[in-house]
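Before any comments, here is the structure.
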Amino acid sequence: QVNSKEGEFQCKEKHAVLLSPVGKLKISGCETGLHEIKLPKMSVLPSGAESAAWEVCEGAEEMTEPLKQCTAWLHAYFCQPARTASLPLPAFHHPLLQRDSFTGQVLWTLLRDVKFGEAVSYKRLAELAGNSRAARAVGGAMRSNPIPIIIPCHRVICSSGQSGHYGGGNLMKEWLLSHEKLQKEKLAY
């Protein structure tokens, strides 16, 4: 059950664990939508055989439709990235993405405007979200992103070109960015 604050939604939360090329991803959601994706902390970059791993290791039997969509989308992201464009995104059911706040606006802007294989600076994302002087607030929005990878906060980098911080750790951010760059180059041929 999600705690009910100020009469907000009550829902029956389901969980699943996905074994991905970057480790175990924990996803949670209800019938209405996806609540969050929890990233593992990477201590080493995966190589070869590990990076091909993909399976649902817990929770497959009681997945809600949004969790199934999330699983399909993440599977495509890691294994056949070109397919993500044609897959439906799961509905989101997280208070941060329901409210009309600057953080919510930044996350929706990022999802809509920064495509696979692209990167954007904190400053540029602040401009896209309607407040060019809010680069620091964009950093805060990235830290509170409940749905990393799908809402691609890993694509937000410093103006200097450095990768900046990431909830899954800098190794994961580097892995995701290089995965996208390599896949985009493959598609270009």
Side-chain angles (χ1 to χ4, degrees), residues 1-42 46 50 52-81 83-116 129 137-156 165-169 172-173 175-176 179-180:
Q1 289 280 357
V2 169
N3 294 339
S4 180
K5 292 183 216 102
E6 300 160 30
E8 277 183 24
F9 47 81
Q10 278 269 335
C11 40
K12 286 196 188 319
E13 193 171 68
K14 304 283 185 191
H15 302 267
V17 178
L18 315 174
L19 181 60
S20 81
V22 293
K24 287 184 176 178
L25 303 174
K26 294 178 176 144
I27 63 173
S28 62
C30 62
E31 292 294 341
T32 307
L34 186 61
H35 292 179
E36 67 180 346
I37 297 173
K38 283 202 168 132
L39 302 173
K41 290 272 191 237
M42 285 173 74
E50 290 166 44
W54 180 264
E55 68 177 292
V56 178
C57 39
E58 285 173 38
E61 61 290 329
E62 56 175 39
M63 265 199 225
T64 62
E65 195 55 35
L67 289 182
K68 288 177 189 166
Q69 287 176 327
C70 174
T71 301
W73 195 95
L74 289 170
H75 179 259
Y77 175 85
F78 287 111
C79 304
Q80 303 162 301
R83 286 189 51 232
T84 58
S86 62
L87 287 174
L89 281 174
F92 301 143
H93 197 224
H94 189 283
L96 200 58
L97 298 164
Q98 317 279 302
R99 286 196 310 266
D100 188 25
S101 63
F102 184 69
T103 295
Q105 205 173 336
V106 166
L107 294 172
W108 284 111
T109 301
L110 175 60
L111 178 64
R112 186 184 61 239
D113 296 348
V114 184
K115 303 298 179 217
F116 189 91
V138 166
M142 296 307 99
R143 275 191 299 282
S144 58
N145 178 9
I147 303 174
I149 302 178
I150 294 180
I151 297 178
C153 52
H154 60 278
R155 295 180 191 150
V156 183
H165 296 292
Y166 188 61
M172 173 146 345
K173 185 169 187 167
W175 190 94
L176 293 168
H179 166 69
E180 291 189 13

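All of these numbers come straight from a predicted model, not from anything done at the bench.
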Quiz: residues 57-73 side-chain donor-acceptor pairs under 3.5 angstrom, not counting sequence neighbours:
residue	atom	partner	partner atom	Å
T64	OG1	C30	O	3.2
T64	OG1	L67	N	3.4
T71	OG1	L67	O	2.8

Tell me which donor-acceptor pairs under 3.5 Å the side chains of residues 137-149 have, and how far apart each pair is, sequence neighbours excluded?
residue	atom	partner	partner atom	Å
S144	OG	G140	O	3.2
S144	OG	A141	O	3.2
N145	OD1	I147	N	2.9
N145	ND2	I151	O	2.9

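The two residues I150 and P152 have their closest heavy-atom pair at O-CD, 3.2 Å.
Separating the CD1 atom in I37 from the NE2 atom in H94 is a distance of 11.5 Å, to the nearest 0.5 Å. The CG atom of L18 sits 4.5 Å away from atom CD1 of I27, with the distance rounded to the nearest 0.5 Å. Between R155 atom CZ and L111 atom CG the span is 9.0 Å, to the nearest 0.5 Å. For the atom pair L107 CG and S101 OG, the distance stands at 8.0 Å (nearest 0.5 Å). For the atom pair NE2 (H35) and NZ (K14), the distance works out to 11.5 Å, reported to the nearest 0.5 Å.
Close placement of the W108 and F92 rings is indicated, their centers lying within 6.0 Å of each other.
When side chains are defined from C-beta on, W175 counts as touching P21, because their heavy atoms get closer than 4.5 Å. Within the 4.5 Å cutoff, no side-chain heavy atoms of L87 are placed close to those of Y77. Taking 4.5 Å as the limit, some side-chain heavy atom of L25 sits within range of a side-chain heavy atom of F78.
With K173 contributing its side chain and V156 its backbone, the two residues share a donor-acceptor pair below 3.5 Å. No donor-acceptor pair closer than 3.5 Å links the side chain of K24 to the backbone N or O of L39.
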